[in-house]
Amino acid sequence: MLLLAAAFLVAFVLLLYMVSPLISPKPLGLPGAHVVVTGGSSGIGKCIAIECYKQGAFITLVARNEDKLLQAKKEIEKHSINDKQVVLCISVDVSQDYNQVENVIKQAQEKLGPVDMLVNCAGTSVSGKFEDLEVSTFERLMSINYLGSVYPSRAVITTMKERRVGRIVFVSSQAGQLGLFGFTAYSASKFAIRGLAEALQMEVKPYNVYITVAYPPDTDTPGFAEENRTKPLETRLISETTSVCKPEQVAKQIVKDAIVVTMGLFRTIALFYLGSFDSIVRRCMMQREKSEIANKTA
Amino acid sequence: MLLLAAAFLVAFVLLLYMVSPLISPKPLGLPGAHVVVTGGSSGIGKCIAIECYKQGAFITLVARNEDKLLQAKKEIEKHSINDKQVVLCISVDVSQDYNQVENVIKQAQEKLGPVDMLVNCAGTSVSGKFEDLEVSTFERLMSINYLGSVYPSRAVITTMKERRVGRIVFVSSQAGQLGLFGFTAYSASKFAIRGLAEALQMEPLETRLISETTSVCKPEQVAKQIVKDAIQGNFNSSLGSDGYMLSALTCGMAPVTSITEGLQQVVTMGLFRTIALFYLGSFDSIVRRCMMQREKSEIANKTA
């Protein structure tokens, strides 16, 4: 009797697996597609641009520094697969002023046609204890990481909805899934991206526009090097529980559009991780106090 | 044999329930405590202030409008339980400039002593479609809801860490647990508060941070629940059955304050996610229906 029920359950799950691709969104065809990558001149953004270019897309790179943009362009063009492909570079600060960003998107669309996929990769990271971070950091990180994703998305959304096709990728972070010691300002900005993405997806789903939120782990990029400059000891120790990836791996995954979620068991494991993080923090705090007392009596 | 295993499991769970209060944080004593409430001149903030005052706390209300502050002060003072209690009012915009906020906290601490509990309730909400919202809304909501919580927290954290005691409450929203149609700018600002709270929670172990969620209820109910959870030191504060379900579902990597909370989350996760998928499906069909109706009426208008 139990065996029969188990067999039914297995058959049902297999059926779901087979039906799933039929109701999932149709994959976006990259050959000939217009892909805009903000923060595309270095790190994960550049690797995403390369990955899309290798699959036949036309790229618009958006970043602030013109020299870095040209260098990235040269690097990307090495991977062309036909004569027609183009890499366009436009220099702008995506977090400053919405009108500037809107203009940039207009320019890009005049040259390479409507935007099929927007990748919001412009962002930066600063690590440090809540009371040690410069007060301006909170607003700065929110401006670059969050507003710098809002403005480009806002500039492309109307056209995507009209054409009934589009992809918007937000690059969050594992620090956008859990708040970690030393990442108050950074985690907040990356969580904000998730809130934006969830709400936006609900608005655009009937228009065949799909949102992807990527949560990369520590990745070997110039941005990561910047973050390490002021990283507290506790943060470093906690981060050692995961390994640093190569940006090419991260980019491949993001482009593949794959996100998988399983709970229950993972929540249990998560609770153990949280416990170990707590003890790392406590240990460091006690050590610091011991050395302070030692210094005072010395 | 199976029965014996089941009996052991039940006994184990009961044991966990009994041990749980022993390793939870010690409740904060409100009588005589100094509670600062930003956004305390109206709504949920005012009700939180009243709730704390009724339990003997000394209150500092922080908001922008001086008249509303005085009115709120009069209302709160009706609930005093002894002669010594004080309600202090300070007018400032908590999102403008950190130095101003730091000064305000200094003033409050000179009059009523160090801050035992900070409630970040200053905030506002704007709802509208992503492409219809004024562009400045995104920055404005982030400034008021997020930075307006960062600055006061920053101003009290060092003293709380030194004294090894304190509570910081962040008022998020259910829209800070899931992104909803029409709430792109608002959800983002409330999700940000969660990220801040989770990261901050890990930094000083002794201070407890709470994020709050509710459905449409009376502000007095909300306030009662928040104050109760704040005193207990629970990371998540929610009201009602959907509040409970949403908090368990979106707990993610959020810390637990009691073993029983963790146990419940592990057990209910799968079921709640299933229910959530049905909810999401119904939201999607509402959105699709409205879209089709709008298009029908546009076509009707054109041919008319």
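None of these values were measured; they are calculated from a predicted model. Atoms considered below: every heavy atom in the structure, side chains included; atoms not considered: hydrogens, waters and symmetry mates. So that the names make sense, note that chain A is the first sequence line, chain B the second, and so on, each numbered from 1.
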Relative to chain B, which segment of A/Tyr151 carries a heavy atom at a distance below 4.5 Å: side chain, backbone, both, or neither? side chain
Contact leader toward chain B among A/Phe191, A/Tyr186, A/Tyr98, where contacts are heavy-atom pairs under 4.5 Å: A/Phe191
All pairs passing salt bridge (Lys or Arg N to Asp or Glu O under 4.0 Å) where residues 185-197 of chain A contributes a residue, at least two apart: A/Arg194-A/Glu198
Just distance, no hydrogens or angles: give the donor-acceptor pairs under 3.5 Å from side chains in residues 124-142 of chain B, sequence neighbours left out.
{"unit_1": "B/Ser127", "atom_1": "OG", "unit_2": "B/Gly182", "atom_2": "O", "d": "3.3"}
{"unit_1": "B/Glu131", "atom_1": "OE2", "unit_2": "A/Lys161", "atom_2": "NZ", "d": "2.6"}
{"unit_1": "B/Thr137", "atom_1": "OG1", "unit_2": "B/Glu134", "atom_2": "O", "d": "2.8"}

Pair count under 4.5 Å, heavy atoms only, with chain A: among B/Ala155, B/Ser153, B/Ser143, B/Ser189, highest is B/Ser153
So, taking the atom named CG in B/Leu196 and the one named CZ in B/Phe170, what distance separates them when rounded to the nearest 0.5 Å? 4.5 Å
Under 4.5 Å heavy-atom distance to chain B, tell me which part of A/Leu200 shows up: side chain, backbone, both or neither. both
With a 4.5 Å heavy-atom cut-off, do B/Arg273 and B/Leu249 have their side chains touching? yes
